[in-house]
Amino acid sequence: MSKKLLLIDGNSLAFRAFYAMYNQLERMITHDGLHTNALVAFNNFLDWLTEDCQPDLALVAWDATSGKETFRGDLYDQYKAGRKKTPSEFKEQFPYLRKLVANHGLHNYEHEGLEADDIIGTLSKLGTAAGYEVTVVTGDQDLIQLASDQVTVKVTKKGVTEIDAYTPAFIREKYNLTPDQIIEKKALTGDTSDNYPGVTKVGEKTALKLLAQYHDLDNLYAHVDEMKQSKLKENLINDRQQAFRARKLATIITDADLSIDLSDLTYTGLNVPELTEFYEKLDFKQALAKLHALQASGQIEGVEQPAQKQLTVQELTVDNLDLLANVKDEVAFHLDFTGENYHTADSVGFVIGNPEIGYFGSRQVELLQEPILKNLLENDQIDKDLFHVKAQWVLLKRLGIDLKGVKFDFLLVAYLLDTVGNDNVLSTLAQRFQIYLTADEDFYGKGSHYQIPADTQAVLDHIGAQTDAIWHLKEPTFKELKEHQQDHLYFDIELPLAFVLAQMEYQGFKVKPERLEEMGADLDKRINDLISEIYRLAGEEFNLNSPKQLGVLLFEKMGLPVIKKTKTGYSTAVDVLEQLAPQAPIVDFILQYRQLNKIKSTYVDGLLAVINPADSKIHTRFLQTLTQTGRLSSVDPNLQNIPMRTEEGRKIRHAFVASQADWVIFGADYSQIELRVLADVTGDENLQKAFLAGEDIHAETARAVYGLADDAPVDPLMRRTAKAVNFGIVYGISDYGLSNNLGISRSEAKSFIDTYFKEFPQVHEWMDQIKKQAHEQGYVETIAHRRRYLPDIHAKNFHLRSFAERTAMNSPIQGSAADIIKVAMIKVNQMLQEKHLQSRMLLQVHDELIFEVPANELDQIQELVPKVMDSAIKLKIPLKVDSHFGSTWYEAK
DNA sequence: GGGCTCACG
DNA sequence: ACGTACGTGAGCCCA
């Protein structure tokens, strides 16, 4: 095989790189304020190119930066004139581009009076003569004139990820031209970006037609007089000189005098120490991770990574399980699975061990059921270090194993240390602590490309690297946990909660498909009637689910007034439609359609699709490490947003039933927990008194704000306003937001807020103090020391900064309420166990808990659950819990 | 994949 | 002058 020469057009590619990632410009800045978007894209591109091409010789050519004009400037004084100034954000990256190239083991070259094109043209000719297979890479079509049997010219298309490889055959196919004729084409069309004209009115199409007939410029002009009279002929004759000048400008020099030789261009590969330093200096986290992963996997040599020694997992079989007899007090364990939903996922394999005894694993997860392994996992005297304990617990439970003795869950700890940018992926979370792993996505592929490699050892080593990383992550992360005063939050709240949640998910909530199907049939009929009526009133059929088409109908064809706009067009949201309803009867039908269709598609059809046929239950997953405030979320399906507010939707809850006959559904919810938390954390005495004074906090607030007597009646409008103010306070109030919500003027809203703060002065003080704290330390905390960092608190942008300030006020409230119910869940679960009750907790919906309860336990549960919830965490004012039960979730209201 | 809409607390 | 109430997830459209 012939040797390879790689020639890269530095300027055009860097330019492409800068604009390919232009939308990332302000996100990619080093701590010293250097923009790095072009560097990041160029770096990725170099990686890809060198891996793909594996060159023997390689060079990146740059346009001359100094001194003398190029011959093209001499030839035409307008050459490249009128170009926009290079943005300074791009210019500042130039010097680093060259370093980047050098650190990748490629040569940089520029030469006075020459453009990068000419350097590449000359070297490609030299390379061809010396028998090299030449690859030219550029962002610019001009270079394709160099294509030949030995030279392939790769040109980036959109961005830098897609590439066309121009060979003579490809050029023939695309333009019906030879590479040489590319110059002739350019002569006729000129070049707008280099600012030289060809022949007036001749663009690509005309040029191709002329070249098909006349082949080249000389022959064309030799026969131009024979052409029949036309505007084109006139233009050709008039612009003859321009065309020939353009041909000279477009022709790339292939015999320039260079001060280098092919022998100077040896490709030396990555300079790992230099590149590491470069990446570190410019905060290239991903590139650094990739580099470290390459080193760890032994594909390249480089800087010593003590914690990342290449480890080999020893494969376990039924015959060598006694290898695990040495396991004493602590092991790391990782059971890998496909996809995200561990309730249904297939297992890929597992690894167990630690650096002292080594790592052992198998792709046969049934091995875990062998006594030695099962006992080890179920032994609470042997500490386990894991990633994502809840998933591990469920996967093992499905194998009949009861995981115990868990001490470290890296996912939970990483989430508690910093919620920002947590993607729940081990490899990216590990990077925060300078541990670099091959990402699952890179190892297995993603989406439809997911495939478990056939090489068992490779798979085990991949899982092993993760297991070993978990082991090494424990110490540094536990240390930070302590510094954050989050030991209690982790050991006494989140870690035990993970087991409670795992049991709830595994238990599942029984759903009667026939109830949903009945509802579905009824809804279908009513939806179809609505659709017919809407089409009739509209006078045409259209896609009712398309806000765009609906907007055209309402606001263009029917001429209804535009009340609100979205980024992309007219808003057709409920509040808008409600305002339009009196003006056109169709609008009310559309509102009804929207409501019923939502119930049908999201809830009837959506839930039916996720009932497990084996047990007729729905097994949601609670995401414990996602929200920025400490709340849970629920997915696959979301059982935290089952309809409640409208009767029509609420009927969905009829389908949710207890799993056994004579059992009931029991629900208990905190009353006004967030406002009680507010009264507690602010220490506001008036707010505390208001809670102690009456049943109805919104009415009490109204009395305070409107200056009514303690026992005076409160009219509904006053109560509604006070309620909105209470919500506003919890959300981090602004007069603008409140005015919008209540449909009042900003100044009226402002005066409400002022009065509120006058009545509850310590709430006001707390709001100021928490904002100040956020500015000073960059984060806010809940009563259990749950932390939320607010990077935007220092933003120059008013919008971002204001948002961060509202968040600073809201997160401690919402988050503390989350702390309280989490503690309650752990205590309720403990109580159920201690009292040997069969009742089971099924769901948490932020301020309420849902249970299924045998009829004979109902009295006890009704007494005990609210009691445990009340006393979960002691506040300065009592917590209040309401409870309900019934034969279905609908009845438990 | 982003935007819109709408379900919950 | 600026212009959003806080926290979520799912279905659908449309590029």
Side-chain angles (χ1 to χ4, degrees), chain A residues 23 419 447 542-551 564-577 590-591 593-607 609-610 620-623 626-646 648-650 652-653 669-674 678 724-742 746 749 753 780 788 790 795-815 817-818 821 843-850:
Chain A
N23 57 349
T419 56
F542 63 102
N543 187 342
L544 253 174
N545 292 327
S546 162
K548 195 175 166 188
Q549 293 182 34
L550 183 60
K564 200 165 72 176
K565 291 203 126 196
T566 66
K567 265 187 230 171
T568 51
Y570 314 109
S571 168
T572 66
V574 207
D575 57 323
V576 173
L577 295 188
I590 293 167
L591 281 166
Y593 167 82
R594 281 256 178 97
Q595 196 205 358
L596 299 189
N597 195 49
K598 172 83 179 178
I599 297 168
K600 175 70 164 52
S601 63
T602 304
Y603 298 104
V604 175
D605 297 344
L607 291 176
V610 290
T620 185
R621 281 179 295 135
F622 290 107
L623 304 188
L626 179 132
T627 71
Q628 300 303 302
T629 55
R631 275 189 176 183
L632 302 175
S633 82
S634 158
V635 294
D636 270 356
N638 182 355
L639 290 187
Q640 290 181 322
N641 71 348
I642 301 302
M644 170 74 175
R645 292 168 189 168
T646 67
E648 204 59 57
R650 196 172 190 164
I652 290 291
R653 296 180 177 221
D669 64 285
Y670 284 110
S671 161
Q672 304 296 351
I673 189 169
E674 290 191 348
L678 182 72
V725 174
N726 276 334
F727 270 99
I729 294 289
V730 169
Y731 292 157
I733 199 154
S734 74
D735 49 13
Y736 183 85
L738 183 66
S739 72
N740 255 344
N741 187 276
L742 281 175
R746 246 177 96 166
I753 295 167
V780 292
R788 179 174 187 178
L790 300 165
K796 288 203 187 78
N797 180 311
F798 170 85
H799 171 56
L800 287 178
R801 194 176 62 251
S802 309
F803 189 39
E805 285 173 350
R806 290 196 299 278
T807 313
M809 297 185 269
N810 171 263
S811 291
I813 309 295
Q814 193 182 111
I821 197 164
L843 291 184
Q844 185 249 48
V845 192
H846 311 306
D847 64 357
E848 63 174 326
L849 299 175
I850 313 294

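All values derive from a computational prediction rather than experimental measurement. Here is the naming used below: chain letters follow the sequence lines, and residue numbers restart at 1 for every chain. Values below: every heavy atom of this structure, side chains too, minus hydrogens, waters and symmetry copies.
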Considering heavy-atom distances to DNA chain C, does Y731(A) or N641(A) have its closest nucleotide positioned more toward the 5' end? Y731(A)

OP1 or OP2 of dC6(B) sitting under 4.0 Å from any side-chain N/O of R594(A)? yes

Side-chain N or O of S633(A) versus OP1/OP2 of dG9(C): is the shortest distance under 4.0 Å? yes

dC2(C) phosphate, OP1 or OP2, under 4.0 Å from R801(A) side-chain N/O: no

Ring-base stacking, F798(A) with dC2(C) (5.5 Å, 30° cut-offs): no

Quick one: is dC6(C) close enough that its OP1 or OP2 comes under 4.0 Å of any side-chain N or O from R806(A)? yes

Would you tell me if any nitrogen or oxygen in the side chain of K548(A) comes within less than 4.0 Å of OP1 or OP2 on dG3(B)? no

Indicate whether OP1 or OP2 belonging to dG7(C) is found under 4.0 Å from a side-chain N or O atom of T627(A). no

Please verify the inter-ring angle class for F803(A) with H799(A); under 30° counts as parallel, over 60° as perpendicular, anything in between as tilted. parallel

dC8(B) base / Q640(A) side chain donor-acceptor hit below 3.5 Å: no

Under 5.5 Å between ring centres and under 30° between planes: true for F727(A) and the base of dA5(C)? no

R631(A) side chain N/O closer than 4.0 Å to the phosphate oxygens (OP1, OP2) of dC6(C)? no

Considering only the P atoms, how many Å lie between dC6(B) and dC2(C), rounded to the nearest integer? 28 Å

Would the base of dT4(C) count as contacting S734(A) through its side chain, where contact means a donor and an acceptor less than 3.5 Å apart? yes

Rounded P spacing from dT4(C) to dG3(B) in Å: 14 Å

Can you see if the side chain of S634(A) gets near the phosphate of dT8(C) - specifically, an N or O under 4.0 Å from OP1 or OP2? no

Please walk me through it: do D636(A) and V610(A) pass side chain to side chain contact (heavy atoms under 4.5 Å, CB included)? CA-CA 8 Å; D636(A) 270 356; V610(A) 290; 6.0 Å; no

State whether the side chain of R788(A) and the backbone N or O of T629(A) hold a donor-acceptor pair below 3.5 Å, judged by distance alone. no

Does P547(A) offer a backbone N or O that forms a donor-acceptor pair with the side chain of T572(A) under 3.5 Å? no

For the C1' atoms, the ones on dG3(C) and on dA7(B), what distance do you get once it is rounded to whole angstrom? 26 Å

Go through the N and O atoms of the side chain of R645(A) and the base of dG9(B), and report whether any donor-acceptor pair is under 3.5 Å. yes

Go through T646(A) and K598(A) one step at a time and tell me if the side chain to side chain contact (heavy atoms under 4.5 Å, CB included) criterion holds. CA-CA 12 Å; T646(A) 67; K598(A) 172 83 179 178; over 6 Å; no

Does OP1 or OP2 of dC6(C) have a side-chain N or O of S811(A) closer than 4.0 Å? no

